[in-house]
Amino acid sequence: MLSKITTILECSRVFSLPMTIMSWLVIYVYSILIAGHIKYGLLALIGVCLAHLAANVFDDYFDYKALIKQVGFNKKEYLKNSQKTKCRYLIAGLMKPGDIFILACIYLLGAGAIGTFLFLKCGDGVLYFALIGGLLTVSYSFLSKIRLSEFTVALAYGPALFGGIYYVMTKTYSLDAIILSIPSMLITVILLYIHTVMDYDFDINEGHKTIANSFNSRLDSLIVLKILLIMAYVTPILLCIFDILDWQVFAVWFTIPLAVDLYKSMVDFAANPDSVPEHKWYHFPMENMMGEPSFMTRIYQSRNLMIYYSLFLTIAIVLGLN
């Protein structure tokens, strides 16, 4: 039973949930200080986490369906060459495709039930944001194949998440909440982009068109990572310009050394995909390497950068609005 639960959690990529939780935390704290409804915000967190897990599982399910249709697809060769967090449990027979589809639907139904409750309690706005979230969840796998994965995540973790949580907690729309989402959204997109850079060869072999593999090499694709990192540390200025927060927002700059470290780590990966960065105290937490230390170390580096960035942004909100 425990083994089954562990498999379900791994195939749901539960390790990626902090990107949802930390994004939620930023707008949740902001909304509380604007006199938002605390319990509805907490309930919304459960809903968006379920939607996130549904998107992960649907992504693997549809990717698997596309893989097995490929001429000459060889399960043994794929298992030798693929990173362990994607489709492996399906190809290895640990779970059946039908079970995966049902799991994704259960997550989506749970998110839908919470959305329905919040719609009845908070108003029509919940329906609009829930529809956007549901469409992005179901269509992510398809959009990720046509170079729209970063755009999809930006929309989901920016206007949709921040606008939706703010509406649930205050029953009003807010342009300030959307502007507040921009720095947080960028640091989340960075996490996804790093994933696609490391999947450069796999995505090409599987016919996925991503922003990263539109470049001639992994190293060339890092120019986009550099731009995203710079924008993540420049855009907090917008929060001062629009008088949403004060100078405290620049606390996120304390994470710049982590961003530089991450970029250097990706340059090393571009040169040698098997290289494993030295584990330093500020890299943690790094829980389960899943037999792929080179890949997972960098995923955890980018995830943890997002966590620390979000924490500093949250602290800035508390200091700026209190």
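Only a predicted model underlies this, so the values are computations on that prediction, with no experimental measurement involved.
Hydrophobic clustering of Ile, Leu, Val, Met, Phe, Trp and Tyr side chains at less than 4.5 Å, counting indirect connections, keeps Phe58 apart from Leu148. Using a 4.5 Å cut-off between side-chain heavy atoms of Ile, Leu, Val, Met, Phe, Trp and Tyr, with links allowed through other members, Phe129 and Ile21 fall into the same hydrophobic cluster. Hydrophobic clustering, with ILVMFWY side chains joined whenever heavy atoms are under 4.5 angstrom apart, groups Val318 together with Phe162.
Here CD1 of Ile114 is found 9.5 Å from SG of Cys49. Values are rounded to the nearest 0.5 Å. With values rounded to the nearest 0.5 angstrom, Thr196 atom OG1 is found 9.5 Å from Leu225 atom CG. Atom OG of residue Ser302 and atom CG of residue Leu229 lie 10.0 Å apart, to the nearest 0.5 angstrom. With rounding to the nearest 0.5 Å, the separation of CG in Leu108 from CG in Leu53 is 11.0 Å. The CG atom of Leu262 sits 12.0 Å away from the NZ atom of Lys264 when rounded to the nearest 0.5 Å.
The main-chain N or O of Ile211 is found under 3.5 Å from a side-chain atom of Ser214 such that the two form a donor-acceptor pair.
Summarising the local packing, NZ of Lys145 is surrounded by more than 12 heavy atoms from other residues, nucleotides or ligands at distances under 6.0 Å. Residue-environment remark: CE (Met286) exceeds the threshold of 12 foreign heavy atoms within 6.0 Å.
Taking 4.5 Å as the limit, some side-chain heavy atom of Leu239 sits within range of a side-chain heavy atom of Leu313. Contact of the Tyr263 side chain with the Val260 side chain is not registered, since no non-hydrogen atoms from C-beta on lie closer than 4.5 Å.
The shortest non-hydrogen separation linking Pro285 to Arg303 is O-NH2, 3.0 Å. Asp220 approaches Phe215 most closely through the heavy-atom pair O-CD2, 3.7 Å.
Side chains of Ser294 and Arg298: a donor-acceptor N/O pair is present below 3.5 angstrom, by distance only. Residues Ser12 and Tyr107 have side chains that bring a donor and an acceptor to within less than 3.5 angstrom of each other. No side-chain donor from either of Tyr193 and Thr210 sits under 3.5 Å from a side-chain acceptor of the other. Residues Ser184 and Tyr309 bring no donor and acceptor atom of their side chains to less than 3.5 Å of each other.
Note on ring orientation: taking the six-membered ring where Trp is involved, the planes of Tyr157 and His52 are perpendicular (angle over 60°, cut-offs 30° and 60°).
A centroid separation of less than 6.0 Å is found between the aromatic rings of Phe62 and Phe142.
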